[in-house]
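One structure is given here, and the rest of the page talks about it.
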Number of protein chains: 2
Amino acid sequence: MLGSPLRQEAPVAEDSAGRVTIADIAREAGVSLPTVSRVLNGRSDVAAATRRRVEDLLAEHGYRRRAAGNAHRANLVDLVFNDLDSPWAVEILRGVEKVVHAAGVGAVVSAVHHHAASMQQWLVGVRSRNSDGAILVTSQPAPQLDAELRRIGMPLVVIDPAGVPTFDIPTIGATNWAGGRSAVLHLLGLGHRRIGMITGPPDLLCSRARLDGYRAALESAGVEVDDALIREGDFSHESGFALGTELLTTGRPPTAVFASSDQMALGVYEAARQCGLRVPDDLSVVGFDDLPQARWSPPPLTTVRQPLAEMGAAAAGMLLQLVQGRTPDVLRVELSTSLVVRDSSTAPPQASSGLGSDRGARPGGSGSAVGRNRPTNSV
Amino acid sequence: MLGSPLRQEAPVAEDSAGRVTIADIAREAGVSLPTVSRVLNGRSDVAAATRRRVEDLLAEHGYRRRAAGNAHRANLVDLVFNDLDSPWAVEILRGVEKVVHAAGVGAVVSAVHHHAASMQQWLVGVRSRNSDGAILVTSQPAPQLDAELRRIGMPLVVIDPAGVPTFDIPTIGATNWAGGRSAVLHLLGLGHRRIGMITGPPDLLCSRARLDGYRAALESAGVEVDDALIREGDFSHESGFALGTELLTTGRPPTAVFASSDQMALGVYEAARQCGLRVPDDLSVVGFDDLPQARWSPPPLTTVRQPLAEMGAAAAGMLLQLVQGRTPDVLRVELSTSLVVRDSSTAPPQASSGLGSDRGARPGGSGSAVGRNRPTNSV
DNA sequence: CTGAAAGCGCTTACAG
DNA sequence: CTGAAAGCGCTTACAG
């Protein structure tokens with residue numbers, strides 16, 4: 001019964017997707033099976049040196065706990081953000097949760113705070129719970145994470161990748177360039193010529209695309225790009241406030257500001273308020289994202305809608321396919337953005353069109369804000 | 001080697017926390033072990049009648065998959081919301097994630113949308129992934145959920161329970177009564193006498209407590225409670241807008257409104273805007289929650305801070321204790337709320353103090369909004 | 001601190 | 001559609 005002739009030659013190397021077993025590790029470490037088990041379970045009664053050796057091997061091979069009797073899916077996917085403090089993250093979470101829940105799969109949510117130690121910790125967790133796959137959101141400084149995950153053979157999809165992914169990892173994004181362009185075309189159409197821009201972190205692909213959209217719109221209208229009107233933010237309220245204040249108090253201020261996120265746009269609202277300027281009469285503001293709060297901020301914010309929940313849903317759908325061993329037909333999905341015109345944008349104070357819009361002279365006044373949403377598809 | 005004398009009598013009933021095994025189910029269903037396994041794994045090659053019988057037994061016993069070799073924790077807790085569309089939910093999630101991540105445990109996030117079918121689905125998932133415990137947020141209409149979870153012996157803690165929990169389940173909340181009271185005392189102190197109130201759903205404990213706090217404050221100041229000034233909302237922007245509009249356009253409008261959530265307070269902002277009223281000059285507004293966006297809404301919102309992240313963290317800490325078999329020393333934790341005074345509250349237009357505050361006459365003007373936060377602890 | 005042994009809960013060919 | 005058998009990956013007393 002033991003030593004059965006059916007016992008097959010143990011393969012020396014893991015033969016595919018994270019198939020190392022605790023027996024493999026034990027053999028390589030020159031210890032017994034129970035010892036590896038003890039290390040894995042954080043038992044205290046293991047010699048420090050042994051523990052160290054086993055832990056190294058475990059990490060090196062990207063060991064993942066496997067259910068008994070082989071096979072069996074964990075019915076779990078991991079969703080990793082850098083931070084959880086933005087409403088932006090929830091929108092994506094909503095989309096992921098919906099798809100995954102319907103498939104009877106759980107979504108484990110983590111925040112790694114751009115922190116290597118935290119990523120390491122997450123990696124350990126992901127392995128111990130034997131997650132079926134992972135969705136990385138804004139894979140910021142995580143090339144080592146990508147590498148590690150693919151080494152243990154874990155299906156992966158990335159939302160809003162920091163750069164162009166090197167490997168064949170599926171990525172989901174939005175048409176950021178087109179979105180940025182449509183925002184600025186809208187402002188140009190209203191008569192603005194001095195349009196400020198507050199960008200996102202320059203190392204993110206989406207930030208650069210939005211900025212290029214801004215440039216493209218200006219150039220197509222024959223307006224020269226003035227670098228003094230471009231500031232580098234980080235998507236947060238705070239940076240929108242600080243940089244908005246800079247723009248409004250330095251040199252010749254713009255008549256409109258395009259912010260690369262809704263949160264920064266609301267920071268610009270506050271900057272305007274403190275400068276005694278009224279939105280939109282004295283300053284037009286356009287955001288990016290269309291978070292739920294955008295339509296409830298007085299005045300309701302004109303912004304570029306990014307279908308975050310749909311992006312999450314698409315990512316989840318792709319990942320579920322990958323988990324089932326199917327390869328998705330496209331590796332790069334870009335969902336389209338659309339301009340949503342609300343009350344924060346109007347003609348500039350000294351409009352060339354001679355509208356003579358001064359305080360309160362704005363057509364439409366402050367009424368009917370809620371009914372005014374007019375989404376316009378762009379590209 | 002088989003039939004070892006060590007084999008112990010199989011206990012007829014599960015002996016504690018969800019200890020039914022697939023062998024138990026097989027015996028009871030009168031089928032073999034592999035058959036139960038097949039049902040569990042959703043294989044198609046099982047007779048409908050057999051499947052039905054096994055499934056019923058599985059549900060009846062609250063079967064939970066156990067890892068091989070016995071024992072072994074899943075290192076997973078479930079966090080269940082009704083909806084994920086409020087920034088409110090993220091704040092709690094942040095607190096939970098932080099504590100749980102540090103402990104090397106994953107947080108599975110779900111939304112059940114007040115839907116029995118969705119809860120059922122979640123229950124199946126929770127069992128299949130063998131979650132170590134669950135945090136229920138606003139256990140709205142879920143007595144059957146509580147019951148089922150405790151039957152399968154799953155550790156449980158409830159945040160912001162709908163009612164007073166019947167059993168010995170630990171609950172986490174905030175000092176809602178004291179918070180409501182402090183908001184209204186603040187408004188009374190500014191000279192307001194006609195103070196409107198927009199409540200949350202009346203079947204929630206926290207809503208009732210805030211309303212009672214409102215009443216208590218008025219009564220202690222000798223101001224009669226006027227039911228015409230009280231409206232029943234549901235915490236959403238929309239209800240704040242609709243009910244705010246009602247309050248401002250019906251009968252003799254209030255000079256201040258206390259809304260039971262920040263989102264409703266911002267809805268009131270919009271209502272005021274559309275009525276041509278300025279906040280705070282013509283109308284003071286106080287919210288509840290202190291969501292991040294509260295300080296970025298022009299004007300920055302005076303509100304009652306509820307430590308949502310801390311509540312999440314406390315719940316997670318308690319749950320982790322329960323999972324380890326320790327019983328928490330207290331079953332009911334109430335974290336304290338505090339009033340955060342910002343720019344949305346000031347003396348009423350016809351203040352009894354003779355401040356003569358009319359448009360623009362407000363001391364402090366519109367400047368220095370960001371630096372003005374002055375948290376005040378209440379009870 | 002470690003390993004030989006027994007065992008657990010589950011699953012997948014295989015045969016009918 | 002179902003069960004007897006073999007096996008998998010892991011763990012926990014037990015003994016040293």
Side-chain angles (χ1 to χ4, degrees), chain A residues 1-11 14-15 17-27 29-55 58 61 63-75 127-130, chain B residues 1-11 14-15 17-27 29-55 58 61 63-75 127-130:
Chain A
M1 206 149 267
L2 286 184
S4 136
L6 291 179
R7 166 158 290 139
Q8 61 180 131
E9 244 354 83
E14 53 259 49
D15 56 62
R19 307 203 60 195
V20 233
T21 133
I22 130 173
D24 299 331
I25 304 287
R27 192 167 358 93
V31 298
S32 77
L33 226 143
T35 300
V36 179
S37 172
R38 281 189 269 258
V39 170
L40 235 23
N41 291 283
R43 294 264 131 66
S44 54
D45 53 353
V46 180
T50 315
R51 144 162 292 128
R52 192 89 175 72
R53 192 149 33 96
V54 171
E55 274 173 347
L58 249 15
H61 286 281
Y63 170 79
R64 284 214 269 161
R65 182 174 208 283
R66 208 95 33 70
N70 218 8
H72 195 77
R73 199 129 281 159
N75 282 329
R127 292 203 316 228
S128 94
R129 73 180 78 107
N130 198 30
Chain B
M1 204 151 268
L2 285 184
S4 135
L6 291 179
R7 166 158 289 138
Q8 61 180 131
E9 247 349 84
E14 53 257 51
D15 56 60
R19 306 203 62 196
V20 233
T21 133
I22 129 174
D24 298 332
I25 304 288
R27 190 166 1 91
V31 296
S32 76
L33 225 143
T35 300
V36 178
S37 172
R38 281 188 269 259
V39 171
L40 233 23
N41 291 283
R43 293 265 131 64
S44 54
D45 53 351
V46 179
T50 316
R51 146 161 290 128
R52 191 89 175 73
R53 192 148 34 97
V54 171
E55 274 173 347
L58 249 15
H61 287 281
Y63 170 80
R64 285 215 268 161
R65 182 172 206 282
R66 208 97 32 70
N70 217 8
H72 194 77
R73 201 128 280 159
N75 281 328
R127 291 204 314 228
S128 94
R129 72 181 77 107
N130 199 29

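Here is the naming used below: chain letters follow the sequence lines, and residue numbers restart at 1 for every chain. The figures here come from the full heavy-atom set of this structure, side chains too, leaving out hydrogens, waters and symmetry mates.
Remark: P of D:dC8 and CG of A:Asp24 are 12 Å apart, rounded to the nearest angstrom. Protein atom CG of B:Asn130 is 18 Å distant from nucleotide atom P of C:dC8, rounded to whole Å. The distance between atom CG of B:Asp45 and atom P of D:dT2, rounded to the nearest whole Å, is 9 Å. At whole-Å resolution of the value, CD1 in B:Ile25 and C1' in C:dT11 are 17 Å apart.
Among the candidates B:Thr35, B:Leu58, B:Val36, the single residue satisfying the side-chain contact (heavy atoms from CB on, under 4.5 Å) test with B:Ile22 is B:Val36.
Secondary-structure annotation of DNA chain C gives the stems C:1-3 with D:14-16, C:5-12 with D:5-12, C:14-16 with D:1-3, with a stem taken as at least 3 successive Watson-Crick or G-U pairs whose two distances both fall under 3.5 Å.
Looking at A:Asp24, its side chain does come within 3.5 Å of a backbone N or O of A:Thr21 through a donor-acceptor pair.
Nearest nucleotide to the side chain of A:Ser37, out of D:dT12, C:dC10, D:dT2: D:dT12. For A:Tyr63, the side-chain atoms get nearest to D:dC10 when compared with the rest of D:dC10, C:dC1, C:dC10.
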Using a cutoff of under 3.5 Å, can you pull out all pairs of nitrogen or oxygen atoms linking the protein to nucleotides 3-5 of chain D, with atom names and distances?
residue	atom	partner	partner atom	Å
D:dG3	OP2	B:Ser32	N	3.0
D:dG3	OP2	B:Ser32	OG	3.0
D:dG3	OP2	B:Thr35	OG1	2.7
D:dG3	N7	B:Arg38	NH2	2.7
D:dG3	O6	B:Arg38	NH1	3.4

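Checking the phosphate oxygens (OP1, OP2) of C:dC10, a side-chain nitrogen or oxygen of B:Thr21 falls inside 4.0 Å.
Taking OG1 from B:Thr50 and CZ from B:Arg38, the interatomic distance works out to 10.5 Å, rounded to the nearest 0.5 Å. Interatomic distance, A:Glu55 CD to A:Leu40 CG, rounded to the nearest 0.5 Å: 9.5 Å.
A 4.5 Å side-chain heavy-atom check between A:Val46 and A:Arg51 finds at least one atom pair inside the cut-off. Put simply, the side chain of B:Arg27 does not reach to within 4.5 Å of the side chain of B:Leu33, judged on heavy atoms.
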